[in-house]
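Counting convention: from 1, in listed order, for ligands and their atoms alike. All values below were derived from every heavy atom in this structure, side-chain atoms included, with hydrogens, water molecules and symmetry-related copies excluded.
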Amino acid sequence: MQVSVFASGSSGNCLLLSGGDTNLLIDAGISMRRTEEALVQVGRRIDDIDGVLITHEHSDHISGLKMLLKYHRLPVYAPRTVANRLRGMLPGIESCLRVIPVGEEFDVRGFALRAFHTPHDTDESVGYRVRGEAVFALATDMGCVTEEIIGGLLGADTVLIESNHDEQMLSYGRYPVYLKRRILSDHGHLSNEHCAQLARQLAESGTARIILGHLSRENNRPELALAASRAALEGTDAWLCCAPVSGCLSVPVERRAFCYR
Ligand SMILES: [Zn+2]
Ligand SMILES: [Zn+2]
């Protein structure tokens, strides 16, 4: 299995998860043209895509969905409340929508998927755990780390987790107070420090590869996010990187080989 991150952050989120003959997008928050260009980089076309998993209806996660569905009638997987929001926003989506039960495993072409809730400033928002030959899990857009999130991520081989902001940069930055409060709240976004604690917990559960994502362009820098998690991961052998704001970063999703030392 392999995950390819095409975009991550408040200007757009989209990644491709591939394994065997199955190709799934998680979120469609970039234009169809950019999605097509990114797919070319990993040797695929939109016709190869088996479905799109949606985390929530904020525009940075769905802005490309309208055009995508206009030309390609792909199945769109979303939990009930998100699906209802999408119905209101995108007339004509109904025949593509597949409402998924949060917390229960469901199958898409050989991938076992499970959505779990993330606390965010919308009625419903989820992360995904996808099990094929190995396990990939994603959790972004979360104000805090809940037991449900830990349950969704723990033991995954490769994860993408949110490392949204540096608290100092946010506090002293130019955002208005109401927005700072929103981001810092339990239903906002995860700070580098809180992400680092989560990264440590995941590495100790056996996660081999950790991708930091959804970095704020205004209130973070990749080197700060990496430094915070790197410090927390000291003594573990977890591999760490930052997802690109745009482009294409491919990371393997593999079972950790047993190592006799
Ligand atoms: Zn977002
Ligand atoms: Zn959001």
Side-chain angles (χ1 to χ4, degrees), residues 3-17 24-31 34-35 38 52-66 68 76-86 88-90 100 102 115-129 136-146 148-149 152-153 159-167 169-170 173 175-176 178-192 194-195 198 211-222 225 242-247 249:
V3 60
S4 300
V5 185
F6 297 158
S8 188
S10 48
S11 57
N13 294 274
C14 182
L15 64 79
L16 172 74
L17 191 60
L24 293 177
L25 290 178
I26 303 185
D27 286 331
I30 54 174
S31 70
R34 275 181 63 195
T35 308
V52 188
L53 309 176
I54 301 294
T55 59
H56 63 301
E57 75 284 4
H58 283 163
S59 65
D60 54 320
H61 299 261
I62 64 150
S63 63
L65 198 55
K66 187 177 175 185
L68 202 59
V76 175
Y77 299 88
R80 183 165 305 281
T81 312
V82 178
N84 282 338
R85 287 288 175 91
L86 292 176
M89 297 163 89
L90 303 171
I100 56 165
V102 177
F116 52 90
H117 284 121
T118 53
H120 191 45
D121 58 348
T122 181
D123 291 338
E124 189 170 36
S125 172
V126 294
Y128 286 99
R129 181 184 185 90
F136 171 75
L138 165 137
T140 64
D141 300 75
M142 50 182 170
C144 60
V145 179
T146 61
E148 190 175 347
I149 292 172
L153 297 174
V159 296
L160 188 150
I161 52 175
E162 173 170 52
S163 195
N164 179 258
H165 57 272
D166 174 81
E167 282 193 29
M169 281 184 78
L170 178 63
Y175 274 11
Y178 82 91
L179 192 53
K180 290 180 182 180
R181 285 211 185 111
R182 206 202 81 184
I183 293 169
L184 287 167
S185 80
D186 279 354
H187 287 76
H189 289 278
L190 207 63
S191 70
N192 290 345
H194 289 138
C195 173
L198 175 61
I211 308 166
L212 306 179
H214 215 299
L215 271 68
S216 165
R217 216 183 275 200
E218 181 75 26
N219 301 307
N220 208 354
R221 290 200 301 269
C242 251
V245 171
S246 72
L249 168 83

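Applying the side-chain hydrogen bond (donor to acceptor under 3.5 Å, both in side chains) test between His214 and each of Thr140, Asp60, Asn220 identifies Asp60 as the sole match.
With sequence neighbours excluded, the residues that form a side-chain contact (heavy atoms from CB on, under 4.5 Å) with Ser185 are His187. Under the salt bridge (charged side-chain N to carboxylate O under 4.0 Å, His left out) criterion, Glu218 pairs with Arg174, not counting sequence neighbours. Listed by chain and number, the residues in a side-chain contact (heavy atoms from CB on, under 4.5 Å) with Ser4 are Gln2, Phe6, Leu16, Val42, Cys248, Ser250 (sequence neighbours excluded).
Distances under 2.8 Å from the Zn ion (ligand 1) pick out the protein N/O/S atoms Asp60 OD2, His61 NE2, Asp141 OD2, His214 NE2.
Using a 3.5 Å distance cut-off with no hydrogens or angles, the side chains of His117 and Glu124 do pair a donor with an acceptor.
Closest non-hydrogen pair, Thr118 versus Asp141, comes out as OG1-O, 3.6 Å.
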